[in-house]
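Take a look at the structure below.
Keep in mind that this is a model prediction, so the values were computed, not measured. Along the sequence shown, the residues carry numbers beginning at 1.
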Amino acid sequence: MTGDKKTPAAERTGNLPNAQYRRFEGMREYEELIDGLIPQTQSAIRVFDRSLSRSWNAPQRHEALRQFLLASRVNRLYIVVHDAEPIERECPRLVDLVRQFSAAVRIRATLTPAKHVYDPFVVFDSSHYVHRFHYRYLRAAHGANDLIGAQQLLDRYAEIWEASAHAVSAGTSGL
């Protein structure tokens, strides 16, 4: 653009001016970022992973998710995993959330067309995320106020969601 007026960064790049992206290595930091972002989330948390870690059953994460779901009737928690079987056995607190918030929590398992996806990620609303580049390795990234990076993951998530089926219901036992 010419002249004295400057084009805001969001208009030039499509991203927020305070967008941040950084790489890191370590499962502990990955899990800590998830725990730190849950309370900041205003409407939706979308999780994709091979299977859920035991951190999804931790009392503090359970309480943070519970508070997130209680904050608004429109808040949603969507989870897609390749292997949902361990959830019922290893994450009874999460199953309790499914039971308590049956309209707001959905857990699905991938079908054959999506079994090749190997990079776990969690998207918070539509601007924050954590993304591991492969489930076997600790290399990951964190995006904050990153609309472009989050939208790319949301697009992938929509495809994964379409290639998945209901896996854990409110009637599941295991507590």
Side-chain angles (χ1 to χ4, degrees), residues 8-58 60-69 71-72 74-84 87 91 94 97-98 101 104-110 114-164 167-168:
E11 290 180 26
R12 286 193 312 268
T13 66
N15 216 343
L16 295 173
N18 58 342
Q20 299 175 357
Y21 175 88
R22 71 177 180 86
R23 291 182 180 221
F24 64 93
E25 291 192 26
M27 195 63 178
R28 177 181 287 157
E29 186 172 1
Y30 182 81
E31 296 294 351
E32 287 172 355
L33 282 165
I34 291 171
D35 289 335
L37 287 166
I38 292 170
Q40 298 176 33
T41 307
Q42 307 251 332
S43 63
I45 300 171
R46 291 173 181 86
V47 180
F48 168 70
D49 209 329
R50 183 171 171 249
S51 63
L52 294 181
S53 71
R54 291 186 185 254
S55 296
W56 288 94
N57 194 54
Q60 61 274 19
R61 184 168 298 174
H62 171 264
E63 185 57 26
L65 289 169
R66 189 175 154 288
Q67 290 303 315
F68 162 72
L69 294 165
S72 174
V74 298
N75 285 359
R76 297 291 183 259
L77 172 61
Y78 302 108
I79 299 172
V80 180
V81 293
H82 287 315
D83 184 11
I87 293 173
C91 297
L94 185 59
L97 289 176
V98 173
F101 301 96
V105 181
R106 298 281 183 261
I107 301 177
R108 297 171 64 112
T110 55
K115 293 289 186 190
H116 68 283
V117 182
Y118 53 81
D119 57 324
F121 57 89
V122 183
V123 180
F124 303 86
D125 292 329
S126 59
S127 59
H128 306 292
Y129 59 87
V130 290
H131 180 202
R132 286 177 40 219
F133 302 119
H134 194 286
Y135 67 85
R136 289 186 184 163
Y137 308 112
L138 300 178
R139 291 181 309 135
H142 170 229
N145 301 307
D146 183 358
L147 297 175
I148 294 171
Q151 188 58 53
Q152 290 170 346
L153 292 173
L154 287 170
D155 291 345
R156 289 192 62 224
Y157 195 85
E159 293 173 2
I160 294 166
W161 186 265
E162 287 299 315
S164 66
V168 177

How far apart are the C-alpha atoms of Leu138 and Met27, what are their side-chain angles, what is the distance that settles it, and do they pass the side chain to side chain contact (heavy atoms under 4.5 Å, CB included) test?
CA-CA 6 Å; Leu138 300 178; Met27 195 63 178; 3.8 Å; yes
Check whether the ring centres of Tyr118 and His116 lie less than 6.0 Å apart, and answer yes or no.
no
Can you tell me how far the CG atom of Leu33 sits from the CZ atom of Phe124, to the nearest 0.5 Å?
8.0 Å
Classify the ring geometry of His131 against Phe133: parallel below 30°, tilted from 30° to 60°, perpendicular beyond 60°.
perpendicular
Under the side chain to side chain contact (heavy atoms under 4.5 Å, CB included) rule, what do Gln20 and Asp146 come out as? Steps first, then yes or no, please.
CA-CA 6 Å; Gln20 299 175 357; Asp146 183 358; over 6 Å; no
Salt bridge between Glu63 and Arg66, side-chain N to carboxylate O under 4.0 Å?
yes
Treating Tyr78 as the side-chain partner and Trp161 as the backbone partner, does any N or O pair qualify as donor plus acceptor under 3.5 Å?
no
d(His142 NE2, Phe24 CZ) to nearest 0.5 Å is 8.0 Å
Any chance the side chains of Ser43 and Asp125 put a donor and an acceptor closer than 3.5 Å?
yes
Drop me the distance from Leu69's CG to Ile45's CD1, to the nearest 0.5 angstrom.
7.0 Å
Short side-chain donor-acceptor distance under 3.5 Å, Tyr135 and Asp49
no
Ring-plane angle category for Phe121 and Tyr157, please: parallel below 30°, perpendicular beyond 60°, tilted otherwise.
perpendicular
Pairwise side-chain contact, Asp119 with His134, heavy-atom cut-off 4.5 Å (strictly under):
no
Proximity of His82 and Phe48 rings by center, below 6.0 Å
yes
Find the distance between CZ (Phe68) and OG1 (Thr41) and round it off to the nearest 0.5 Å.
6.0 Å
Using only atom types and a distance under 3.5 Å, with no angle test, would you say the side chain of Arg139 pairs donor to acceptor with the backbone of Glu25?
no
What verdict does the side chain to side chain contact (heavy atoms under 4.5 Å, CB included) test give for Val80 and Val47, after you've listed the backbone C-alpha separation in whole Å, the side-chain angles of each residue and the deciding distance to 0.1 Å?
CA-CA 6 Å; Val80 180; Val47 180; over 6 Å; no
Is the shortest side-chain N to carboxylate O distance from Glu31 to Arg54 below 4.0 Å?
no
How many angstroms lie between OG in Ser127 and CG in Leu154, if you round to the nearest 0.5 Å?
9.5 Å
Quick one: CD on Glu159 to OG on Ser164, what's the gap to the nearest 0.5 Å?
12.0 Å
